Amino acid sequence: MNVRSLAVVATVVSAAFVGCTKTEPPLSDSEVKAVFEKTLPSTVEDRIWERVPLHPAKLLLQDMVEPRLTQGSTSFVRVQSVTDGQKIAFRLSWSDSTLDDLPGPGRFGDAVALQMPAATTADVPAPQMGEQERPVEITYWSAIFQAVANGRKDDIHAIYPRAKVDHYPFEAASLKPGSAAQQEMAKRYAPARSLENPMAGPRTNPVQDLLAEGPGTIRPAEKSLSNGGGKYSQGGWSVLLVRPLPNGAQPGGRTQVAFAVWEGSHQEVGSRKMRTAWIPLSLGSAK
Amino acid sequence: MARVYNWQIGREMPYWYPEHRPKRQFAAVFDTNKCIACQTCTLACKTTWTSGKGQEYMLWNNVETKPYGFYPLAWDLNLLEKLGAQNWEGERYSGRTIFEAAQPGERVLGWRPEDIDYANPNVGEDDCVNGVEKGAHFSGVHKSWFFYLARICNHCTYPACLASCPRGSIYKRPEDGIVLIDQGRCRGYQECVKGCPYKKTFYNTMTGTSEKCIACFPKIELGMQPQCFVNCIGKIRFAGWISKPENARADNPIDFLVHVKKVALPLFPQFGLEPNVYYIPPVNVPREFLLQMFGPNVDAAIETYQNAPRDKDLSGLLTLFGSTESMVSKWKRVEEQVMGYDEGGREIIRVPLREPTHIRQAFDAARGVARTNIS
Ligand code: SF4
Ligand code: SF4
């Protein structure tokens, strides 16, 4: 038995003694270690996370392309990861004293994203959103999406409870609610929805799959394959993101991952964000 | 940043993209002296385009009373203050444009309105400067003043909204210069809302994208003027196409007003966007105020306008305002009649310089009664 497995035994034993109180996960300073598990955790509260190594990823200002972030906000995002050989799950948590999930003019939501090279090769594309013909895959979660997925109504009154609206043409008495004609009419006044812009909702999944080939090039991926969810408690967010392993990434192999965090109350949005460089990611295997 | 030429400030300036003018540029002239702030234009736009969820607060067209009216609140004051001194040397602007004054890390000098700033679209309505004392009466000079400023997107030659968008979701149509936000591509970063000095892009809370005035492009494509033009009660508006000054043609109505007569002026040309809505300045307002708002040619423009009764071409062209739903590409005056033609040269409108009038005597001698206004 080597020293490391001794340590694991010790952790398991101590966890057993402490019973249901939370144990701090072990630290992994130099890389994100995706631990192999047959079943992926489905929530941020899953007990698995107590023993999955935690990588504290230092966040830097996005100060390479305009518009830049010139004043720092969130300084670390804590990263844990688990893979089942097909998919990879990340638990991302960070401190945030304000919960920002209401959209509006001059108002932005908290958000987090992870980025992986679309192809797993020895050299990675530029960490700032990839480069032309060397795309990166981005899994994006937003607190605004989460609130809608959690049941916030698709209605202005959910945001401005005392709003007074005289009339919407698509709610005219002559249009049967929910009928094709009525929905068609509603879309006329929501062009982003007519064009199926994934920003426009309505949504049930708080996570978006995106592709990018450099700053300013983000576009929706062909298929939406990821999911997850976030919870705000005790002055911070914990977000679970589950996505397929990228092309060519094998259990037992290595690739890279990068993260970005947006602090809504600090008016962070788009390129105004805190972000990491590439971080090595080792993928555990079934042995 | 590229170097581009902006004729409204008489010099080159930096812009995010190289100069690339459309085949033709949509433009408009608004005669502020005729606006009565009835807001028919505002409602015409609202019912046509912004009756959806998330658009409740949006007014792509708005009319505000200057100097105390704003939508959104202090849209102009906030930026004027940030921009600092704005000096002109003749027709050359020697101060900084919003592209030149951009702070480190920013693409343009801008600011972000909050939702509350849109909450009082009619703030300052009819509030006049200097108040009206008891016994005040008009004796030829306006001692108190205000005026109505009708505003739409300026479909700028150098749009700050377009320059601000890090995703390239905003484009200027090569066929007519209309500036649009691609509703399929926008991700709602609101950089355009921050960047547009005229605050004419709006964030839609329900679709998560920003939206703006589209110059009623489906109508323009059919050769018709936008809704806010054809519904204008005061007939203050005229839509058409503008040329660069060196290509100006006197038979093009907009060129005639802007380049030949120089009676219509851009709004805050010093911002550097080459906006394409031109205003005939109000005659009753202190010149310093107008100088800041419309640039150094205000005095000459007002003099030309006040001379219109003696200038048959100018007064003739002004009678075409609000006379037809069609876009007038060319015009001509023959003696006491003014004709407007479409692009194909077909006559679409003919108006007399003066409507025939008949003045009846106040007393009807045949019936032995005094006439009233309604008899
Ligand atoms: S007025 Fe504003 S929204 Fe319109 S084109 Fe100019 S910068 Fe863009
Ligand atoms: S409809 Fe015409 S007159 Fe009435 S407020 Fe609008 S611009 Fe002014």
Side-chain angles (χ1 to χ4, degrees), chain A residues 61-63 65-71 102-109 140 142 144-145 148 154-156 158-160 163-171 185-203 208 210 215-220 267 269-272, chain B residues 1 16 46-58 72 102-108 110-119 163-169 180-195 199 201-212 214:
Chain A
L61 290 165
Q62 189 299 103
D63 57 359
V65 294
E66 281 89 6
R68 307 172 192 213
L69 190 65
T70 46
Q71 268 195 332
L102 279 178
R107 212 165 48 216
F108 303 94
Y140 174 81
S142 130
I144 295 175
F145 296 174
V148 177
D154 183 27
D155 192 283
I156 196 75
I159 296 165
Y160 297 100
K164 171 85 184 71
V165 178
D166 297 333
H167 172 71
Y168 296 116
F170 40 88
E171 288 179 356
M185 180 70 140
K187 272 192 180 170
R188 268 193 224 168
Y189 292 97
R193 282 194 184 166
S194 303
L195 291 171
E196 289 172 16
N197 183 331
M199 295 308 285
R203 72 184 78 252
Q208 279 183 347
L210 305 163
T217 64
I218 265 200
R219 62 177 193 272
Q267 305 223 309
V269 65
S271 59
R272 301 181 197 267
Chain B
M1 284 226 229
W16 201 256
K46 186 93 196 131
T47 48
T48 308
W49 300 116
T50 59
S51 298
K53 288 190 178 179
Q55 299 179 315
E56 295 84 353
Y57 79 100
M58 273 184 215
Q103 282 148 345
E106 301 292 326
R107 291 178 169 215
V108 307
W111 66 281
R112 273 207 175 102
E114 293 174 20
D115 46 8
I116 196 80
D117 296 327
Y118 296 96
S164 303
C165 178
R167 296 183 39 68
S169 300
L180 298 176
I181 301 175
D182 181 339
Q183 291 299 309
R185 187 169 167 80
C186 174
R187 284 184 63 82
Y189 299 163
Q190 303 187 42
E191 294 293 345
C192 56
V193 182
K194 184 176 187 189
K199 295 294 170 248
T201 69
F202 302 88
Y203 180 67
N204 182 321
T205 300
M206 302 315 294
T207 63
T209 58
S210 299
E211 300 177 347
K212 68 180 287 299
I214 59 172

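Residue numbers begin at 1 in each chain, while the letters A, B, ... track the order of the sequences. Reckoned from all heavy atoms, side chains included, excluding hydrogens, waters and symmetry mates. Please read these numbers as outputs of a predicted model, since none were measured by experiment.
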What heavy-atom pair brings [X] and [Y] nearest, and what distance separates the two atoms?
X      : Y      : value
B/G188 : A/F108 : O-CE2, 4.4 Å
B/P104 : A/T70  : O-CG2, 3.9 Å
A/P105 : B/Y118 : CB-CE1, 3.9 Å
A/P67  : B/R107 : CD-NE, 3.9 Å
B/Y203 : A/P103 : OH-CB, 3.8 Å
A/V269 : B/Y189 : CG1-O, 3.5 Å

Interface moiety of [X] toward chain A, non-hydrogen atoms closer than 4.5 Å:
X      : answer
B/E211 : side chain
B/T48  : backbone
B/R112 : side chain
B/P166 : both
B/T209 : side chain
B/W16  : side chain
B/E106 : both

Is chain B contacted by the side chain of [X], its backbone, both, or neither, given a heavy-atom distance below 4.5 Å?
X      : answer
A/I159 : side chain
A/L61  : neither
A/D155 : both
A/R188 : neither
A/I218 : both
A/Q267 : both
A/T217 : backbone

Exercise. Could you verify whether a donor N or O on one side chain and an acceptor N or O on the other, from A/Y168 and B/E56, lie under 3.5 Å apart?
Key: yes
Quiz item: So which of A/R219, A/Q208, A/K187 has the biggest tally of heavy-atom pairs under 4.5 Å with chain B?
Solution: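 It is A/Q208.
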Practice problem: For chain A, find which of B/D117, B/T47, B/D115 contributes the most heavy-atom pairs closer than 4.5 angstrom. | Solution: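 Heavy-atom pair counts peak at B/D115.
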Quiz item: Do A/S194 and B/Q183 have side-chain heavy atoms sitting under 4.5 Å apart?
Solution: no
Self-check item: Note, A/D154 side chain near B/K53 side chain (heavy atom, < 4.5 Å)
Solution: no
How many angstroms lie between atom [atom1] of [X] and atom [atom2] of [Y], to the nearest 0.5 angstrom?
X      : Y      : atom1 : atom2 : value
B/N204 : A/M199 : CG    : CE    : 12.0 Å
B/E191 : A/R272 : CD    : CZ    : 4.0 Å
B/T205 : A/Y160 : OG1   : OH    : 5.0 Å

Quiz prompt | Main-chain N/O of A/G106 paired to B/E114 side chain as donor or acceptor, under 3.5 Å | solution = no
Quiz item: Is it the case that B/R187 places NZ or CZ above or below the six-membered ring of A/Y140, under 6.0 angstrom from the centre and within 45 degrees of the axis?
Solution: yes
